[in-house]
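Right, one structure below, let's go through it.
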Amino acid sequence: MNFPRKNLTTLRLLVQSGFLCFSLYCGYRFYQFYQWALGKSPTLVARPAAVEGFLPIGGLVSLKRFLLSGVYDPIHPAGLTIFIAALLLAVLFRKGFCGWICPVGFCSQLVERLARRLKLLWRAPVWLDYQLFSVKYLLLAFFTWAIVWQMDRESIEAFVNAPYNLGVDARMLLFFLAPSAATLKILGFLVIASFFLRNFWCRYLCPYGALLGLLAWFGPLRINRDPQSCINCKKCEKVCPGAIRITEEGSITSPECLGCLECVATCPVDNCLAVTCFDRRKLPALLLPLGVLGLFLSLWALAGLTGHWQTQVETEAFKSYYQQAANLVHPG
Ligand code: SF4
Ligand code: SF4
Ligand code: SF4
């Protein structure tokens, strides 16, 4: 595979743009479906199942249910499929879901690029970095405790069959269509913070990314730096969305490594940075994005072919849940 490594950045931009456009398209189709459900539009548009990918907490509940009882969530099957795909990607291809697919991460990285051009980015000292990191791990610990530890089969069944769960995607849409003053303030804070601290949401707050990072830590793929040929130009660190101190490492195993390959594409020295399997065997860098896309799209296709993508809830049934979405109360 003789793919020029400088083109990895362009390839990533294309892949991420593709997933962002697809997500926006799904969001628009879902809005049309929602309008139909409210009786505001006569045109019934198919509900895009991919919107369930934005419900990772429901994905964790569904995964536990699947492991306990073998029942593959019939309400949000696409959400469970995307959640499983993200976990498998993390185990095999670092945080490939974050680095190549997640549209939220892509938007965060676009802000980061702009901030870099405007020379606004600030590198937090290590002590502050660690304190801020703790927030996403605390959130992850909380969700793990509340779902993996606390929820038994009975409470899981009560949760997945509750009206709240059936209308939760409409609630998510309302979050964006009619944001409260508090929501706007929080979103504004996150955007402004992202101009000064690299990937603020992803690096410090997202519990989903924290889980993927921990899984990636055990994975076989790493970025290795050859200290002999490294000229210490630090170009790799300037472009690293994980703000990893690459020049202080020989092998990058950090849970913050997205497997984005920006460092490999930017390094001016051939073979100084390389993708390896357990620090030993060097692999073609292109293998990582090919693996991420191949596995993700294969699971998507498999779920579609085996009936694990589209919800089994009757289209008409969504009407009543969506009409009361704003007033649905979280069970328990
Ligand atoms: S950290 Fe969260 S928001 Fe960011 S790219 Fe990963 S999953 Fe998406
Ligand atoms: S170390 Fe390289 S592959 Fe990992 S996040 Fe940083 S730039 Fe991306
Ligand atoms: S870009 Fe390459 S040569 Fe420069 S510091 Fe990073 S690893 Fe070393």
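Order of appearance sets the numbers: ligands from 1, and atoms from 1 within every ligand. Note that the structure is a prediction, hence the values are computed from the model and not measured.
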Counting backbone and side-chain atoms alike, does Cys240 have an N/O/S atom under 2.8 Å from atom 6 (Fe) of ligand 2? yes
Does Ser229 have a heavy atom less than 4.0 Å from any atom of ligand 3? no
What are the atoms of ligand 1, with element, lying closer than 4.0 Å to any heavy atom of Val104? 3 (S)
What atoms of ligand 3 come within less than 4.0 Å of a heavy atom belonging to Asn232? 5 (S), 8 (Fe)
Is there a donor-acceptor contact under 3.5 Å from the side chain of Arg12 to the main chain of Glu262? no
Do Asn271 and Lys282 have side-chain heavy atoms sitting under 4.5 Å apart? yes
Side chain proximity check, Phe159 to His330, heavy atoms < 4.5 angstrom: yes
Neighbour count >12 (heavy atoms, 6.0 Å) for atom NZ, Lys235: no
Select the closest option to atom 3 (S) of ligand 2 among Leu261, Asn199, Val264, judged by heavy-atom distance. Leu261
Write out the residue and atom name of the closest protein heavy atom to atom 5 (S) of ligand 3, then the distance separating them to 0.1 Å. Lys234 N, 3.1 Å
Using a strict 4.0 Å cut-off to heavy atoms of Cys102, name the atoms of ligand 1 that fall inside it. 3 (S), 5 (S), 8 (Fe)
Does Trp201 reach ligand 1, in the sense of a heavy atom lying below 4.0 Å from it? yes
Identify the closest protein heavy atom to atom 8 (Fe) of ligand 3: which residue and atom is it, and at what distance? Cys230 SG, 2.3 Å
Among protein heavy atoms, which lies nearest atom 4 (Fe) of ligand 3, and at what distance? Cys233 SG, 2.3 Å
Any Trp36 side-chain heavy atom under 4.5 Å of Thr315 side chain: yes
Say whether, by atom type as modelled, one donor and one acceptor occur between the side chain of Glu112 and the main chain of Ser108 under 3.5 angstrom. no
Is atom 2 (Fe) of ligand 1 under 2.8 Å from any N, O or S atom of Cys202? no
Just let me know how Thr247 lines up against ligand 3, side chain, backbone, both or neither, with a heavy-atom cut-off below 4.0 Å. side chain
Using a 4.0 Å cutoff against the non-hydrogen atoms of Pro268, which atoms of ligand 3 qualify? 1 (S)
Taking the ring centre of each residue, are Phe22 and Trp300 less than 6.0 Å apart? yes
Criterion side chain to side chain donor-acceptor pair (under 3.5 Å) on Tyr34 and Asp169, from CA distance to verdict: CA-CA 10 Å; Tyr34 178 67; Asp169 40 10; over 6 Å; no
Does Ser62 use its side chain to pair, donor to acceptor, with the backbone of Gly58 at less than 3.5 Å? yes
Can a donor-acceptor pair be found between the side chains of Asp129 and Tyr204 at a distance below 3.5 Å? yes
The closest protein heavy-atom partner of atom 6 (Fe) of ligand 3 is Cys236 SG, 2.4 Å
What atoms of ligand 2 come closer than 4.0 angstrom to any heavy atom of Leu258? 4 (Fe), 5 (S)
Is it true that Ile246 lies under 4.0 Å from ligand 3, counting heavy atoms only? no
Between Arg65 (side chain) and Ile156 (backbone), is there a donor-acceptor pair under 3.5 Å? no
Protein contact of atom 2 (Fe) of ligand 2 - nearest heavy atom, named by residue and atom, plus distance: Cys263 SG, 2.3 Å
Proximity of Cys98 to ligand 1 by residue part, where a heavy atom lies under 4.0 Å: both
With a 3.5 Å distance limit and no angle check, can you tell me whether Lys136 reaches the backbone of Arg203 through a side-chain donor-acceptor pair? yes
Verify whether one side chain among Lys234 and Thr247 offers a donor that lies under 3.5 Å from an acceptor in the other. yes
For Ile231, the atoms of ligand 3 under 4.0 Å from one of its heavy atoms are 3 (S), 8 (Fe)
Heavy-atom distances under 4.0 Å decide this one: backbone, side chain, both or neither, for Cys267 against ligand 3? both
Can you name the atoms of ligand 1, numbered from 1 with element, that are less than 4.0 Å from a heavy atom of Cys206? 1 (S), 2 (Fe), 3 (S)
